Asks: 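Handing you a structure now.
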Amino acid sequence: MEFSDVVGTRRTIRDFHPDVPVEKEKIRRILEAARLQSQHRNAQLVRKAIVVTKGETPDAVRDGLIDALYHQPQAARAPVAIVWVQDMSGWRPIVENLLRRSNLLGLPTEDVIVHADARPEFAEWLTSFQCGLAVGSALLAAVNEGLGTGLITGRREEIRKLFGMPETCTPTQVQLLGYATDSAGTGPARFHPEFDELYFADSWGKPL
């Protein structure tokens with residue numbers, strides 16, 4: 001599909017054919033689109049994911065995820081769920097490398113660029129932003145593969161424990177994947193603000 005078609009036709013899908021599997025190669029291409037998305041300071045290890053597949057993932061785990069997602073109907077009907085995760089431990093190699101470089105150059109540690117250990121709130125915000133970039137790419141990649149997709153959220157701490165994630169990890173969004181039913185995207189289009197309400201030229205509030 002053309003990029004403009006992918007963006008223009010993307011809709012949040014909430015009804016899937018529950019027994020029609022999603023091809024493995026399509027899932028890999030979706031994850032690859034997320035993996036190759038831009039990342040600040042080359043922090044490639046902060047955004048990760050767990051793929052849950054109907055008929056392959058143990059029923060107890062999949063049922064636990066559906067429960068943590070408040071038993072929303074689309075969670076039960078989607079044959080695939082990608083649990084997106086931000087992992088703060090992914091900053092450690094970058095921090096260690098920066099500290100090594102500062103020591104070699106004789107620079108004081110406090111002069112090193114802001115990192116996870118020095119400004120945890122900033123690092124968490126930045127990690128969330130980077131996860132958002134990856135998930136956005138994954139959503140568009142799913143549409144490009146002819147799949148229905150949408151994001152859903154639930155009880156994050158419960159999801160973290162369900163999958164045995166370490167304390168450094170926080171589940172963010174769960175991306176549902178599957179083949180949409182014929183009626184899945186036939187509802188009314190959602191309201192979108194006008195272009196000039198969002199984007200400005202030269203100063204705040206001046207329409208572009």
Side-chain angles (χ1 to χ4, degrees), residues 1 6 9-37 44-90 124 127-128 130-187 190:
M1 295 176 69
V6 171
T9 60
R10 190 205 67 76
R11 297 282 296 277
T12 294
I13 299 300
R14 296 183 176 87
D15 194 18
F16 305 89
H17 291 289
D19 297 318
V20 179
V22 176
E23 297 87 341
K24 294 293 185 185
E25 59 269 22
K26 290 191 175 185
I27 298 173
R28 289 192 64 88
R29 285 195 288 267
I30 291 167
L31 295 172
E32 186 71 356
R35 186 179 72 89
L36 296 177
Q37 177 56 272
Q44 300 188 41
L45 296 174
V46 299
R47 52 196 189 197
K48 298 172 182 175
I50 298 173
V51 179
V52 176
T53 305
K54 184 179 181 180
E56 297 181 16
T57 301
D59 289 343
V61 174
R62 184 170 181 269
D63 290 345
L65 176 61
I66 293 170
D67 178 66
L69 295 172
Y70 304 106
H71 284 280
Q72 296 177 70
Q74 62 265 43
R77 292 184 62 82
V80 175
I82 302 175
V83 182
W84 289 102
V85 181
Q86 61 183 55
D87 183 3
M88 297 302 293
S89 71
E124 288 171 6
T127 303
S128 296
Q130 295 193 171
C131 277
L133 289 173
V135 174
S137 288
L139 288 171
L140 294 179
V143 175
N144 192 56
E145 295 291 341
L147 296 169
T149 191
L151 298 178
I152 192 171
T153 190
R155 297 186 289 270
R156 293 184 296 173
E157 183 61 17
E158 191 172 316
I159 294 171
R160 188 185 68 78
K161 292 180 178 178
L162 176 67
F163 292 101
M165 300 177 196
E167 292 285 346
T168 57
C169 290
T170 301
T172 57
Q173 296 282 314
V174 176
Q175 181 182 0
L176 304 178
L177 289 175
Y179 285 93
T181 62
D182 292 340
S183 60
T186 58
R190 287 186 178 272

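For clarity, every value in this text was computed on a predicted model and none was experimentally measured.
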Asks: Do Leu31 and Val51 pass the side chain to side chain contact (heavy atoms under 4.5 Å, CB included) test, and can you show the C-alpha distance, the side-chain angles, and the key distance before you say yes or no?
Replies: CA-CA 10 Å; Leu31 295 172; Val51 179; 4.0 Å; yes
Asks: Work out which heavy atom in Ile66 is nearest to a heavy atom in Ala76; give both atom names and the distance.
Replies: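 What the structure gives for the nearest pair is CD1-CA, 3.8 Å.
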Asks: Within the 4.5 Å heavy-atom criterion, are Phe163 and Leu65 side-chain neighbours or not?
Replies: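 A side-chain contact under 4.5 Å exists here.
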Asks: Counting distance only, does the side-chain N/O of Thr57 pair as donor-acceptor with the main-chain N or O of Arg62 below 3.5 Å?
Replies: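 No, Thr57 side chain to Arg62 backbone: no donor-acceptor pair under 3.5 Å.
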Asks: What are the two closest non-hydrogen atoms of Ser137 and Ala33, and how far apart are they?
Replies: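 Looks like CB-O, 3.6 Å.
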Asks: Taking Arg160 for its side chain and Met165 for its backbone only, find out whether a donor-acceptor pair lies under 3.5 Å.
Replies: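 Between the backbone of Met165 and the side chain of Arg160 there is a qualifying donor-acceptor contact (under 3.5 Å).
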Asks: Taking only Lys NZ, Arg NE, NH1 and NH2, and the carboxylate oxygens of Asp or Glu, determine whether Arg28 and Glu25 approach each other closer than 4.0 Å.
Replies: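 Here Arg28 does not pair with Glu25 in a salt bridge, since their nearest N and O are not under 4.0 Å apart.
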Asks: Heavy atoms, side chains only, cut-off 4.5 Å: are Arg77 and Thr181 in contact?
Replies: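 Yes, side chains in contact.
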Asks: Out of curiosity, Leu177 CG to Ile30 CD1, how far, rounded to the nearest 0.5 Å?
Replies: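 Nearest 0.5 Å value for the CG-CD1 distance: 4.5 Å.
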Asks: Closest heavy-atom contact between Ser128 and Gln86?
Replies: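 Minimum heavy-atom separation between Ser128 and Gln86: OG-OE1, 2.9 Å.
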Asks: Looking only at atom types and distance, does a side-chain atom of Thr149 sit under 3.5 Å from a main-chain N or O of Leu176, one as donor and one as acceptor?
Replies: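 Yes, because the side chain of Thr149 sits within donor-acceptor range (under 3.5 Å) of the backbone of Leu176.
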Asks: How far does CD of Gln173 sit from CZ of Arg156, to the nearest 0.5 angstrom?
Replies: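 Gln173 CD to Arg156 CZ: 9.0 Å, rounded to 0.5 Å.
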Asks: Quick check: closest heavy atoms across Val20 and Pro79, and the distance to 0.1 Å?
Replies: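 So the two residues come closest at O-CG, 3.5 Å.
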Asks: Could you check whether Glu32 pairs with Arg35 (Lys NZ or Arg NE/NH1/NH2 to Asp/Glu carboxylate O, under 4.0 Å)?
Replies: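 Yes, Glu32 and Arg35 are salt-bridged.
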Asks: Would you confirm whether Arg14, through its side chain, and Gln74, through its main-chain N or O, come within 3.5 Å as a donor-acceptor pair?
Replies: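 Between the backbone of Gln74 and the side chain of Arg14 there is no qualifying donor-acceptor contact (under 3.5 Å).
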Asks: Calculate, to the nearest 0.5 Å, the distance between atoms OG1 and CD1 belonging to Thr53 and Ile82 respectively.
Replies: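 Those atoms lie 9.0 Å apart.
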Asks: Can you tell me how far apart CG (Leu151) and OG1 (Thr12) are? Round to the nearest 0.5 Å.
Replies: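 Going from the CG atom of Leu151 to the OG1 atom of Thr12 covers 7.0 Å.
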Asks: Is there a side-chain contact between Asp67 and Arg155 in this structure, where contact means two heavy atoms from C-beta onward sitting under 4.5 Å apart?
Replies: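 Yes. Closest side-chain heavy atoms under 4.5 Å.
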Asks: Just wondering, do Thr170 and Met88 contact through their side chains at under 4.5 Å, heavy atoms?
Replies: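 Answer no - side chains too far apart.
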Asks: Between Tyr70 and Gly154, what is the shortest heavy-atom contact and its length?
Replies: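 Closest heavy-atom pair between Tyr70 and Gly154: CE1-CA, 3.5 Å.
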Asks: Are the side chains of Val22 and Glu145 in touch, meaning some heavy atoms are under 4.5 Å apart?
Replies: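 Contact flag for Val22/Glu145 side chains = no.
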Asks: For the side chain of Arg47 and the backbone of Gln130, is there at least one donor-acceptor N/O pair under 3.5 Å apart?
Replies: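 Indeed, once roles are kept as given, a pair shorter than 3.5 Å links the two residues.
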Asks: List for me each residue that meets side-chain hydrogen bond (donor to acceptor under 3.5 Å, both in side chains) alongside Glu56, sequence neighbours excluded, and say none if there are none.
Replies: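 Result, side-chain hydrogen bond (donor to acceptor under 3.5 Å, both in side chains) vs Glu56: Lys24.
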Asks: Do you know which two heavy atoms are closest between Ile13 and Gly148, and how far apart they sit?
Replies: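 Heavy atoms only, the tightest pair is CG1-CA, 3.7 Å.
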Asks: Do Trp84 and Cys131 come within less than 4.5 Å of each other through their side chains, counting heavy atoms only?
Replies: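 No, too far: nothing below the 4.5 Å cut-off.
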